[in-house]
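Contents: one structure, followed by commentary.
Because the structure is a prediction, the values reported are computed rather than measured. Computed from heavy atoms alone, side chains included, the values below leave out hydrogens, waters and symmetry copies. Both ligands and their constituent atoms are indexed starting at 1 by order of listing.
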Amino acid sequence: MPFVVAEPCINCKYTDCVEVCPVECFHEGPNFLVIDPEVCIDCGACEPVCPARAIFSDANLPDAWKSYVATNAELAKRWPTITEKRKPLLDADKWRYRGDKGAELVRT
Ligand code: SF4
Ligand code: F3S
C-alpha cells in the first residue's frame with residue numbers, strides 16, 4: 001500500500017520528505033504536497049522525517065483522513081513533480097500544530 005500525505009502538511013510544506021524519497025513520488029501544489037501512489041515503492045523513508053507528521057502508510061492513515069488517499073491520487077496527476085527540498089511556507093511553524101485545516105487546501 002502506498003504512503004499518503006494527509007492534512008498536517010497543509011500550509012507547512014517542510015519538504016524534508018522530498019529529500020529522502022528514492023523515486024520521484026512527490027508532487028507540489030500551492031500549500032500541500034502529495035504522493036503519486038503509482039510511483040511510491042513503499043520504502044517508508046519519508047514518514048519519520050516529516051516535522052508535521054503528515055505522512056502515513058495507507059493502512060495506518062487515521063479514519064478522519066481517509067479521503068486523502070483519493071486526494072493524493074487525484075492531485076498527483078495534475079501537480080508538477082518536486083525533487084528537491086525547499087524552504088517551508090512562511091507560516092509553517094504557526095500552522096504545524098493546528099488541527100482541522102482541511103478547508104485550507106488549495107487544489108488549483
Ligand atoms: Fe517515496 Fe518511499 Fe515515501 Fe513512497 S514511502 S513516497 S517511495 S519515500
Ligand atoms: Fe509536507 Fe511533511 Fe513533506 S509537511 S512537504 S509531508 S515533510
For [atom], find the nearest protein heavy atom and state the residue, atom name and distance (0.1 Å precision).
{"atom": "atom 7 (S) of ligand 1", "value": "I41 N, 3.4 Å"}
{"atom": "atom 2 (Fe) of ligand 1", "value": "C43 SG, 2.3 Å"}
{"atom": "atom 4 (Fe) of ligand 1", "value": "C40 SG, 2.4 Å"}
{"atom": "atom 3 (Fe) of ligand 1", "value": "C46 SG, 2.3 Å"}
{"atom": "atom 1 (Fe) of ligand 1", "value": "C21 SG, 2.4 Å"}

Pull out every atom of ligand 1 sitting under 4.0 Å from any heavy atom of G44, numbered as shown with elements.
2 (Fe), 5 (S)

Per-atom filter on ligand 1: closer than 4.0 angstrom to a heavy atom of F26 are 6 (S)

Can you tell me which portion of V23 lies within the under-4.0 Å heavy-atom range of ligand 1? Options are side chain, backbone, both, or neither.
side chain

I35 contact mode with ligand 1 (heavy-atom cut-off under 4.0 Å):
side chain

Identify the two heavy atoms, one from K85 and one from T15, that lie closest to each other, and give their separation to 0.1 Å.
CG-OG1, 3.3 Å

Can you see which heavy atom on C46 is nearest to which on F26, and at what distance?
CB-CZ, 4.0 Å

Are side-chain heavy atoms of W79 and F32 found at a separation under 4.5 Å?
yes

I55 vs I35 side-chain heavy atoms within contact, under 4.5 Å:
yes

What protein N/O/S atoms lie closer than 2.8 Å to atom 2 (Fe) of ligand 2?
C50 SG

Option of least heavy-atom distance to atom 6 (S) of ligand 1 (set: C17, C25, A45, P2)
C25

Salt bridge or not between R107 and E74? Use side-chain N to carboxylate O under 4.0 Å.
yes

Under 4.0 Å between a side-chain nitrogen and a carboxylate oxygen: does that hold for R86 and E28?
yes

K13 side-chain N/O to L33 backbone N/O, donor-acceptor pair under 3.5 Å
no

For C50, does its backbone N or O pair with a side-chain atom of D16 as donor and acceptor, under 3.5 Å?
no

In terms of heavy-atom contacts, does CD of E104 have more than 12 from other residues, nucleotides or ligands at under 6.0 Å?
yes

Does a sphere of radius 6.0 Å around CZ in R53 hold more than 12 heavy atoms from other residues, nucleotides or ligands, not counting ones at 6.0 Å or beyond?
no

Residues D93 and Y14: side-chain donor-acceptor under 3.5 angstrom:
yes

